[in-house]
Amino acid sequence: MLRKVAEEQASNSLSILAEEISQELYHGKHRSAFHGYSSEFKEYKAYQTGDNLKQVDWKLYGRTDKLFTKHFHDESNISAYFFIDLSSSMFFPRENLEKINKSIQIIAVLCKILQKQRDKFGILGISNELLWESPLSNTKGHLHEIYTQLEDLVQRESLEKISQLPIILSNKVAAIGQRKIVFILTDLLFNDQDYALFLQSLSEIKANKNSIKILHVWDQSERQQDSALGSILQYKDIETNQVLSLPIEEWNQLQVKQQSVFIDQRINPLLSKGYQYHSLCVNDSLFELIRQII
């Protein structure tokens, strides 16, 4: 009974946060944050008496001296999938779990926005296996279940869990179908082989006329440490358990070099293929992070 009450309180907390941020984002907005495929042009038809003059292509009339109306495909709602990386590196830093906390908050807010638009959403949580998969839906009950499951994800044991996101994403390409928005929340810390599979899966998803948004989450402390001159940093890779001891100045210099390599080998391939890439420093406010995405 006490656990159920605690889960409901946690879910309510995430619900309140998502409601507050979505309301703030929507203040003064009259257009949807995400758009479906309703604006796709279908065909021209010769104008007939009684047709809506707003549909007349006046530029075409100027060239041809004939009246034609523009017609579009019927409006369709959005369906969105969220893939969230739950490997050990996403639970860094261990002191405040900022990467995973901000990631679930981002998903909660985006799901709230989609639910307000009556659009469907589903989530897949992935560590070294598929931990949780929710169906596509847009009901309030579904949203509440999403909040509960997201809060539960933070409590899961994450030590020594290497990301299987590329493999599971590859297995889900056919199930995603067509004309979806696919959000992928990850720190992109994959080995070369898995990253190649990740890129291949993205290509196949895009080929099915889906929109892909890569939400790359990272913490400032992963790139630079502030400390007194001469201090020693012990760094433990939480996916391999390897421990390194380095002077902080040396560690920071090493991170600068590694970041350059990371950009070249992980980020640039995404940009070159035209995927929507968002670099999200989790030390920024949740409101600012959401604004970057929408």
Side-chain angles (χ1 to χ4, degrees), residues 14 17-18 21-22 24-26 29 31-36 78-87 89-93 97-114 116-117 119 121-126 146 150 153 163 165-166 169 172 176 179-190 194-195 198-199 201-203 205-206 209-224 258-294:
L14 196 57
L17 178 65
I21 296 294
S22 63
E24 189 174 357
L25 286 164
Y26 266 86
K29 281 177 71 86
R31 298 182 64 188
S32 298
F34 302 112
H35 304 279
I78 298 167
S79 292
Y81 278 111
F82 293 86
F83 287 78
I84 180 170
D85 187 347
L86 300 171
S87 57
S89 60
M90 288 288 288
F91 288 74
F92 180 89
L97 302 177
E98 194 69 3
K99 281 167 70 174
I100 190 62
N101 276 321
K102 280 288 174 61
S103 294
I104 69 168
Q105 290 168 7
I106 288 169
I107 292 178
V109 174
L110 296 181
C111 285
K112 180 62 178 180
I113 292 173
L114 289 165
K116 283 185 175 182
Q117 296 180 185
D119 296 320
F121 48 91
I123 301 178
L124 294 90
I126 303 160
I146 292 292
L150 287 174
L153 292 179
S163 178
L165 190 150
L169 182 65
K172 291 293 180 179
I176 291 171
R179 298 187 182 280
K180 308 289 195 310
I181 299 179
V182 180
F183 295 88
I184 302 176
L185 288 92
T186 177
D187 52 14
L188 293 175
L189 296 180
F190 310 131
D194 285 346
Y195 190 70
F198 180 66
L199 290 179
S201 300
L202 294 182
S203 178
I205 292 170
K206 185 179 180 180
K209 300 181 180 179
N210 295 296
S211 174
I212 299 172
K213 291 180 180 285
I214 307 295
L215 309 185
H216 174 208
V217 293
W218 54 277
D219 189 278
Q220 187 62 47
S221 63
E222 294 175 294
R223 302 189 177 186
Q224 187 172 20
Q258 288 183 337
Q259 181 60 21
S260 177
V261 173
F262 186 85
I263 291 173
D264 183 56
Q265 296 183 354
R266 295 293 182 263
I267 298 176
N268 286 344
L270 296 173
L271 298 176
S272 66
K273 294 180 183 298
Y275 302 124
Q276 297 182 50
Y277 168 84
H278 301 272
S279 178
L280 304 177
C281 176
V282 296
N283 308 106
D284 293 339
S285 71
L286 178 60
F287 180 78
E288 290 301 321
L289 295 177
I290 298 294
R291 282 214 311 177
Q292 291 181 52
I293 299 168
I294 66 173

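These numbers were taken from a predicted model, which means no experiment stands behind them. Hydrogens, waters and symmetry mates play no part in the numbers below; they use all other heavy atoms, side chains included.
- Contact of the I263 side chain with the N268 side chain is registered, since non-hydrogen atoms from C-beta on lie closer than 4.5 Å.
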Hey, mind stepping through I181 and D119 against side chain to side chain contact (heavy atoms under 4.5 Å, CB included) and telling me if it holds?
CA-CA 11 Å; I181 299 179; D119 296 320; over 6 Å; no
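- The closest side-chain heavy-atom distance from K99 to D187 is below 4.5 Å.
- Looking at every heavy atom in both residues, K180 comes nearest to N210 through N-OD1, 2.7 Å.
- A ring pair (Phe, Tyr, Trp, His ring centres under 6.0 Å) with F183 holds for exactly one of F121, F82, Y81; it is F82.
- For the atom pair S87 OG and I126 CD1, the distance stands at 10.0 Å (nearest 0.5 Å).
- R266 places a side-chain N or O within 3.5 Å of a backbone atom of F190 that can act as its donor or acceptor partner.
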Should L215 and I293 be marked as a side chain to side chain contact (heavy atoms under 4.5 Å, CB included) after you check the CA-CA gap, both sets of side-chain angles, and the distance that decides it?
CA-CA 8 Å; L215 309 185; I293 299 168; 3.9 Å; yes
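- For the pair Y277/L188, a side-chain contact is recorded, criterion being any heavy-atom separation below 4.5 Å from C-beta on.
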Step-by-step side chain to side chain contact (heavy atoms under 4.5 Å, CB included) determination, K102 to V217
CA-CA 9 Å; K102 280 288 174 61; V217 293; over 6 Å; no
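- When all heavy atoms are compared, the tightest approach of S22 to K112 is OG-CG, 3.6 Å.
- Of all the heavy atoms in V282 and L289, the pair that sits closest is CA-CD1, 4.3 Å.
- D284 is listed as a side-chain neighbour of Q292, based on a closest heavy-atom distance under 4.5 Å.
- The shortest side-chain heavy-atom distance between Q276 and S211 falls under the 4.5 Å cut-off.
- When side chains are defined from C-beta on, I146 does not count as touching L14, because their heavy atoms never get closer than 4.5 Å.
- In this structure, I104 and N101 approach most closely via the heavy-atom pair CG1-O, 3.2 Å.
- When side chains are defined from C-beta on, L169 counts as touching I205, because their heavy atoms get closer than 4.5 Å.
- The distance from atom CD of E222 to atom CD of E98, rounded to the nearest 0.5 Å, is 11.5 Å.
- Evaluated for a side chain to side chain contact (heavy atoms under 4.5 Å, CB included) with F83, the options I123, T186, I176 yield exactly one hit, I176.
- Here the closest non-hydrogen pair linking L185 and M90 is O-CE, 4.3 Å.
- The structure places CG of L199 at 6.0 Å from CG of L270, a figure rounded to the nearest 0.5 Å.
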Dump the intermediate steps for side chain to side chain contact (heavy atoms under 4.5 Å, CB included) on L17 and L286, then the final yes or no.
CA-CA 10 Å; L17 178 65; L286 178 60; 3.8 Å; yes
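- In this structure, CD1 in I78 is found 5.5 Å from CD in Q117, a value given to the nearest 0.5 Å.
- The two residues L114 and A80 make their nearest non-hydrogen contact at CD1-CB, 3.7 Å.
- Here NE2 of H278 is found 10.5 Å from CD1 of I106. Values are rounded to the nearest 0.5 Å.
- Under the 4.5 Å side-chain criterion, counting only non-hydrogen atoms from C-beta, S279 is in contact with W218.
- Note that CD1 of I184 is 4.5 Å distant from CZ of F198, once rounded to the nearest 0.5 Å.
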